[in-house]
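Everything below concerns the one structure shown next.
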Amino acid sequence: MKKTDIIIIGSGIAALQLANQLQEQLNVTIITKKAITNSNSYRAQGGIAAAISTDDDAYDHYQDTIIAGDQHGNATAIYDLVTEGKQFMHDWVKLVPFDTHANGKISLGLEGAHSKARIAHCGGDQTGKYVIHFLLDSLRSSTRVHWIENEMVIDLLQNKSGRCIGVTTKDKNEVSHMYMANHVVLATGGAGELYTNTSNASSVTGDGIALAYRAGAKICDMEFFQFHPTLLYINGKSVGLISEAVRGAGARLINDLGEKIMKEVHPQRDLAPRHIVAHQLFQQVNRGRKIYLDIRQVRDFPAKFPAITKMLQQHGISMKTGKIPVAPGAHFMIGGVLINAWGATSVKGLYAIGEVAASGVHGANRLASNSLLEGLVYGKRLASYIQQLDSSQTMDFTPKKQHRAQLTGIPFSKKQIQQSMMQAVGIIRDHDCLSKQLSWLNKHPNDPFRQIEQCSLSTIQNYFMWIVARLITEAALLRTETRGCHIRADFPNKDNEHWLQKRIIHYQSNDRMEVTYDTPYTIKNHT
Ligand code: SIN
């Protein structure tokens, strides 16, 4: 058993930012399921939204975030995100190789639902790769940062008072390990792999949610899962993301009849909030139409989007036709482990930052390019919270003995979970398909894997996906309105009387999934 100050699970932008902020004072262990660069952050194309231009204002960024989030966001958290994010990016653009114009001024892109061009980007469409390498470079020489790759955290260890005191992992040879720490941080990303069509890395299976849920943490807003309108779609499969920045640079969505899909739908047309665009595309597909992104109006496409150009070439898509086949797919999990303003969860000693966390900044639908910003801001916030804690306190590091149950198998495969979620809990939901999906999921006995280290990694991963699928489906069934990216065919309107600012929170107690509701926010105008 090894002991460290802080364990960070995951290696995306939030994880590396936190490690960077703490590396001088604390011993940090970063545990990641695959290689360090295998994360959604690394794949991020668009960039980082921040009001750093002289003609922009954090208040405008705040308003855009509130509106995109369909009035469900936490106004205070959003205000902190855009103001602290602006401050951080103001300094960071001097250090990180963000793209600039010939005159040296930072080049800022436009994306959906933003009132101003405020997306800082690197390498054209390779922002994630550049910022992750920048953060990794600043960690490489640290003697206090210890890396563990290709190990999956399968359980959180808690002492008798319920405090999280460490983790159990399994390496790729299925050997178990135990690590103890004063603080354990989930930075595991989202759960796009629960769906057949996704932009996410294949390792992104909702592990952090399942770990936290099993430990008794509160899980919130799971009905809000954002679908990105434009995944490259080849032979009935999504094979990569076509950034919204491409539409920001002038591309338009058309169908196979050549009709402009977003023309009459929304004043912002192709740059309307993502759920509106994804909904329109879904309806086109239902009518049997094929969808394309028409890039003929985008000047210097290969120079602006080199990674996308390479991906198109790899898939044999000719740039000459100017038509890229696209379809919507699961992109970003808005809900997650409920946290406070600093990243603390409802379980002592356990924190969550980045996509795995429900911080309230995304409301019911995330504004484009606010996710890397969230990782940077909450990584820094949590570091400052941990730095001011009293480290002289003695802690009980004896893991509480778990009640042991017999193991049973998962009666369905990863593929079956993905297909059923795509069909029943995808872009459009209704009561019938959600309740059918829930009874299918509930065929599985409740939480049979307390002897989890005896299961294979693939069984554990399926089990975690099953937990997250249940949480999403339960929450989607409960929210009887349409808000943000949660679109109910049987409740097509917003119901402010019953649902405004109301959050659905699930937690496990005595092996049962319990639900509670919370309305902690008021939409405030900050001046
Ligand atoms: C994109 O580049 O379209 C994705 C950016 C984001 O999800 O914020």
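Every number for a ligand or one of its atoms is a count from 1 in the order of the listing.
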Side chain to side chain donor-acceptor pair (under 3.5 Å) against K260, all qualifying residues, sequence neighbours excluded: none
Are the side chain of T196 and the backbone N or O of M422 linked by a donor-acceptor pair below 3.5 Å? no
Scan the side chains in residues 271-279 for donor-acceptor partners under 3.5 Å anywhere in the protein, sequence neighbours excluded, and list what turns up.
from	atom 1	to	atom 2	distance (Å)
R274	NE	E244	OE1	2.8
R274	NH1	Q226	OE1	2.8
H275	ND1	N365	ND2	2.6
H279	NE2	Q283	NE2	3.3

Decide, yes or no, whether a salt bridge links K34 with E149 under the criterion of side-chain N to carboxylate O below 4.0 Å. no
Residues passing the ring pair (Phe, Tyr, Trp, His ring centres under 6.0 Å) test with F98, sequence neighbours excluded, are none
Exercise answer, ligand 1 polar atom pairs (N/O) under 3.5 angstrom:
from	atom 1	to	atom 2	distance (Å)
ligand 1	2 (O)	G46	N	3.0
ligand 1	2 (O)	S243	OG	2.6
ligand 1	3 (O)	H228	NE2	2.8
ligand 1	3 (O)	E244	N	2.6
ligand 1	7 (O)	R274	NH1	2.9
ligand 1	7 (O)	R274	NH2	3.3
ligand 1	7 (O)	H331	NE2	2.6
ligand 1	7 (O)	R366	NH2	2.7
ligand 1	8 (O)	R274	NH2	3.4
ligand 1	8 (O)	R366	NH1	2.7
ligand 1	8 (O)	R366	NH2	3.4
ligand 1	8 (O)	S369	N	2.6

Answer yes when E481 and K494 have at least one side-chain N-carboxylate O distance shorter than 4.0 Å, and no when they do not. no
